[in-house]
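Contents: one structure, followed by commentary.
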Amino acid sequence: MDVAVDEDATLMLAYAQGDLAAFEALYARHRVTLFSFLLRAARDRSTAEELFQDTWSRVIAARLRYQAQAKFSTWLLQIAHNLLIDSYRRKRPLAEGEEAELALARHPIPEREQPEQALSDFEHRRRLQLAIEQLPDEQRTAVLLRLENDLSLEEIAQITGAGRETVKSRLRYAMNRLREQLAE
Amino acid sequence: MTTPHAPDDERLPGEDELSSLYGRLPPIEPPTALDAAVRRAAAAAVQPAATPRRRARWPVALSSAAALVVAAGLAWRMGQMPGKQDALHEAAVRHEARTIAVPVPQAVTPIAPAKPAAETYARAEKAQVSRNVATAPPRVLEEASRQAPSKLVAPAPPPPPAPPAPPTEMMQAPMPTAAPPPMAQEALPAPAPVVELDARRADTPEQELRKIRDLFAAHRRDDARKRLADFHRDHPDYELPDDLREQLLQP
C-alpha cells in the first residue's frame, strides 16, 4: 500500500468515527475519477448520476464495516462496477452511437483547446472517446479502469471478478481496437 | 487516481500512446446538486442522533395525554354500564321488603332502581312511554321505541316473539332484540298499576303480614283472609296485630 492509499484508508476510518471533514477530503479526491468512469462506462448521464449517488450511499452505509485491507479506490470502484453491471442487466439496450455521443458531448473540450493547430489532437481525442463507447461492455470497463484509474491487472481482476489473464486478454483486444479506430 | 502500476505489472502494446491520449480527455465533473446530495447523506449518517432526540419529547407527552383521556373515557363508560345498575338493583330488592313493580308494555324494560329518586324518575319515564304508546301515531311510536332503551338503566329481557312486521319498519328499529316493532306496542293496552303480593318462602313474618295488609288495602279481602289464615296456621305462636287478629276472627 502506498502513501496515497494509506491516506484514503485513514480518511475513511476517520469518517467512520464521525469525522465529516475526513469524508469531504475523501470525496474530493475521488469524485471526478469515479464520475468520469461511470459516465464513460454507462454512456448515459442520468444512469451515471444515479450510479454515482448509489456508490457513495453504499460507501456511507458501509463505513462501520470498512477495513483498510484493500486500497480504498479498489473498494470504491468495486462497488461502482457491481452497480454498473446491475445497470447493464436492467437497462439493455444501452445508448448506442449518436445517442451515446450526445451524452458525452455535454462535456465538450474547452474552446481554448480547439485552435486550428490543435484540431488534429482534438479529433484524436474525440475518436478515442467514440471508440471507447463502441467497445463491448466488459472490454470498455476494463480499459476505463486501466486508463482512467491507472489500475494494475490484478486490481482490475479484483474489481471485475475476472481472472488476471482474462483481464489481460480483454485489455489487449480493447486496445487493438482503439488503435485501429484511431488509425482510420 | 495516480496510483502507479505495480513494478511487475506488464504494459500492453500501444498502451502508452493510448494512455497519453486518454489523459488529455477533459475531466468530467459531477453536477453540483449531486455533490450536495452526497455530502448531505454523509453528514446525516454521522449526525443522526441530535435531531430525533429533540423531536422525541412531544410525541411521548402527547401519547401520555391521549392515554389518560382514553382511560378516563373508559372509566366513565364503565360507570354507566347496565351491569352495575343491575347489581345495585338487586341489592335494593334484597333490602326492600315491599317492592312495587309497574308492568309496562313489552317495548319498555321493567326496572326498579335502587334509589328512591331514580325509582321516581324511572316510573315517570315508563309512564310517559306508555302514554305515548297508547296514543301516538306509528311514527311517534317508532321514536319512542328508539328513545326508551337509551333512557332506561337496566337492559330488557328478550321480548316474546313479535308479530311479523313490514320489513321496512323492522329495518328502522334500532334495537330489535330490546324492543318489539311499533305495531306490537300499539296493540298493547295502557298499563295499570299492579301490587305485587305473591307469597314468598323467603319472606319474614313481618314481610308476609305487610303483604296481607296490602291485599286488604287493595280490596282483595278473600285473598287476604286466606293468606292470613295460612300465616296463622304456619306461625301459631306469632302474636298477630290487633287489626289482623280481628280480620282473622271475622266470619
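Heavy atoms only: backbone and side chains are in, while hydrogens, waters and symmetry mates are out. Letters A, B, ... are given to chains in the order of the sequence lines, protein chains preceding strands, and every chain is numbered from 1.
Note: A:Leu20 leads A:Val59, A:Asp19, A:Leu20 in heavy-atom pairs under 4.5 Å with chain B. Across A:Gln17, A:Gln53, A:Glu24, A:Arg172, the residue that shares the most heavy-atom pairs under 4.5 angstrom with chain B is A:Glu24. The residue among A:Phe52, A:Tyr27, A:Phe23 with the most heavy atom pairs within less than 4.5 Å of chain B is A:Tyr27.
In plain terms, the two heavy atoms of A:Gln129 and B:Leu25 that are nearest each other are OE1-CD2, 3.8 Å. Of all the heavy atoms in A:Tyr15 and B:Ala45, the pair that sits closest is OH-CB, 3.7 Å.
The closest side-chain heavy-atom distance from A:Ile60 to B:Val46 is not below 4.5 Å. In this structure, A:Arg146 and B:Tyr22 have side chains that are not in contact, with every pair of non-hydrogen atoms separated by 4.5 Å or more. No side-chain heavy atom of A:Phe35 sits under 4.5 Å from any side-chain heavy atom of B:Pro27. Contact of the B:Ser19 side chain with the A:Met175 side chain is not registered, since no non-hydrogen atoms from C-beta on lie closer than 4.5 Å. Here the side chains of B:Glu15 and A:Leu171 are not in contact, with every heavy-atom distance at 4.5 Å or above.
For chain B, the nearby part of A:Ile132 is the side chain; its heavy atoms alone come within less than 4.5 Å. Proximity to chain B is absent for every atom of A:Leu38, based on heavy atoms less than 4.5 angstrom apart.
Residue A:Leu128 holds its CG atom at 9.5 Å from CZ of B:Arg24, rounded to the nearest 0.5 Å.
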* What's the verdict on side-chain contact (heavy atoms from CB on, under 4.5 Å) for B:Leu21 and A:Leu147, showing C-alpha distance, side-chain angles and the deciding distance? -> CA-CA 10 Å; B:Leu21 189 58; A:Leu147 299 179; over 6 Å; no

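For B:Glu17 and A:Arg179, the salt-bridge test fails: no basic side-chain N is under 4.0 Å from an acidic carboxylate O.
The main-chain N or O of B:Ile28 is found under 3.5 Å from a side-chain atom of A:Ser36 such that the two form a donor-acceptor pair.
Tested against A:Arg31, the residues B:Val38, B:Asp35, B:Leu34 include a single side-chain contact (heavy atoms from CB on, under 4.5 Å) partner, B:Asp35.
Under a cut-off of 6.0 angstrom, the local environment of CZ in A:Arg58 is sparse, with at most 12 non-hydrogen atoms contributed by other residues, nucleotides or ligands.
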